[in-house]
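Read the structure below first, then the notes.
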Amino acid sequence: MPELPEVEAFKRYIERTSLERPVARMEIRNGVVIRGADRPSLIEAVEGSEVLSVRRRGKQLFLELSRGGWLTWHFGMTGRPVALERWDEEPRFVRVKFVFEHGSLAFVDPRMLGRIGLTARPERFIEERRLGPDALDITLEEFTTTFGASKGAIKAALMDQHKVAGIGNLYSDEILFQCRIDPRADARSLSEEDMRCMHQAMRRVLNMAISVGTDFERLPRSYLLRGRAVGSSCPRCGSLVSTATVGGRTAFFCPFCLDRKSFF
DNA sequence: TTTCATGTTCAGCA
DNA sequence: GTGCTGAACATGAA
């Protein structure tokens, strides 16, 4: 689920359901997802605290605790927060559960690639991990400087969280599709116009995904993301979309649109 | 049964 | 330091 728009949706969901509710008990069902903190200090920091605010940087979430410190949440590939009331049946794969007086907030993650930890300040965590600027905050100038100087495939660079935080496999495909750029193209080979297009498309695509509640069905018909599957056709020209491995992930793109780029 | 999956990290190599 | 590849993590879905 989680790239920037999904994590932004999770942030709003947590703000809507779980702010300022004292945590009576923290249940760690599976310690694998705990990183950057030992259990006792994590429980110590959480129990008796309430979440005062939530911040996001790229795919990373920070929950401010009333007794000091911040919880760090990363959702990996299959993680999501689920707010439960007393009468709700608990979903499968609850790894950590924050139990309030009434109800709870669960960290659900089948594959357990998500991580929960503790940090004194979000800024410190961001610095330690060398996370780049958030994809919705980075200026065109910063963007051009970063990607104009990066070597290798542009898709891999866009997914590099040190360069810009928040873009993953799916949204990088969409951004490049909208700019008719080959995901395998060397970043240094791209023009100023390409840079402008990517920066603009990045903001447009991420904001669009947020505005439709990350429901791909509700994205414009022109989006590659809606029918992203092997054997599907390009929403722009109708020809068969191709795949290629770039940056260790499967890239979807329309080779016909790339070929025609200079004609548009 | 086999392959792939919206992510990150690490080892090994260039 | 940068970049690339492959593997690992752990499990569900096709």
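Chain naming here is simple, since letters A, B, ... match the order of the sequence lines and numbering starts at 1 in each.
- At dG7(B), none of the side-chain N or O atoms of Arg115(A) fall inside 4.0 Å of OP1 or OP2 (strictly under the cut-off).
- Pairing partner, dT6(B): none, since no Watson-Crick or wobble contact has both distances short of 3.5 Å.
- Between Lys59(A) and dG7(B) there is a side-chain N or O to OP1 or OP2 distance below 4.0 Å.
- Between Phe75(A) and Asp109(A), every side-chain heavy-atom pair lies at or beyond the 4.5 Å cut-off.
- Along DNA chain B, the nucleotide nearest to Phe252(A) and the one nearest to Met159(A) differ in position, and the one closer to the 5' end is contacted by Phe252(A).
- Note on Arg92(A): only backbone sugar-phosphate atoms sit closer than 4.0 angstrom, heavy atoms only; bases stay farther off.
- Between Glu6(A) atom CD and dG7(B) atom P there is a gap of 9 Å when expressed in whole angstrom units.
- Among the protein residues, Ala229(A) comes within range of no part of the nucleic acid, since none of its heavy atoms lies under 4.0 Å from any strand.
- In summary, of the residues considered (Lys163(A), Arg203(A), Arg56(A), Arg55(A)), a salt bridge (Lys or Arg N to Asp or Glu O under 4.0 Å) with Asp134(A) occurs for Arg56(A) alone.
- For Arg249(A) and dT6(B), the shortest distance from a side-chain N or O to OP1 or OP2 is below 4.0 Å.
- Salt-bridge annotation for Lys59(A) and Glu8(A): absent, with no side-chain N of the basic residue lying under 4.0 Å from a carboxylate O of the acidic one.
- Across all strands, Phe75(A) comes closer than 4.0 Å to no nucleic acid atom at all (heavy-atom distances).
- Across dA5(B) and dT5(C), the matching P atoms stand 16 Å from one another, rounded to whole Å.
- Contacts between chain A and DNA chain C, taken as any atom within less than 4.0 angstrom of a protein heavy atom, begin and end at dG3(C) to dG12(C).
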When you look at Glu44(A) and Ser41(A), which way does the side-chain hydrogen bond (donor to acceptor under 3.5 Å, both in side chains) test go after all the steps? CA-CA 5 Å; Glu44(A) 165 75 26; Ser41(A) 53; over 6 Å; no

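- Residues Lys151(A) and Asp186(A) are not paired through a salt bridge, judged by the lack of any N-O separation under 4.0 Å between the basic side chain and the carboxylate.
- For the pair Thr250(A) and dA5(B), the criterion of a side-chain N or O lying under 4.0 Å from OP1 or OP2 is met.
- Between dT8(B), dT6(B), dT9(B), one nucleotide has an atom nearer to the side chain of Arg129(A) than all others, and that is dT9(B).
- Looking only at side-chain heavy atoms (C-beta outward), Leu19(A) and Leu52(A) stay at 4.5 Å or farther from each other.
- The side chain of His74(A) contributes no N or O atom lying less than 4.0 Å from OP1 or OP2 of dG7(B).
- Looking at Arg29(A) and Glu90(A), a side-chain N of the basic residue comes within less than 4.0 Å of a carboxylate O on the acidic one, giving a salt bridge.
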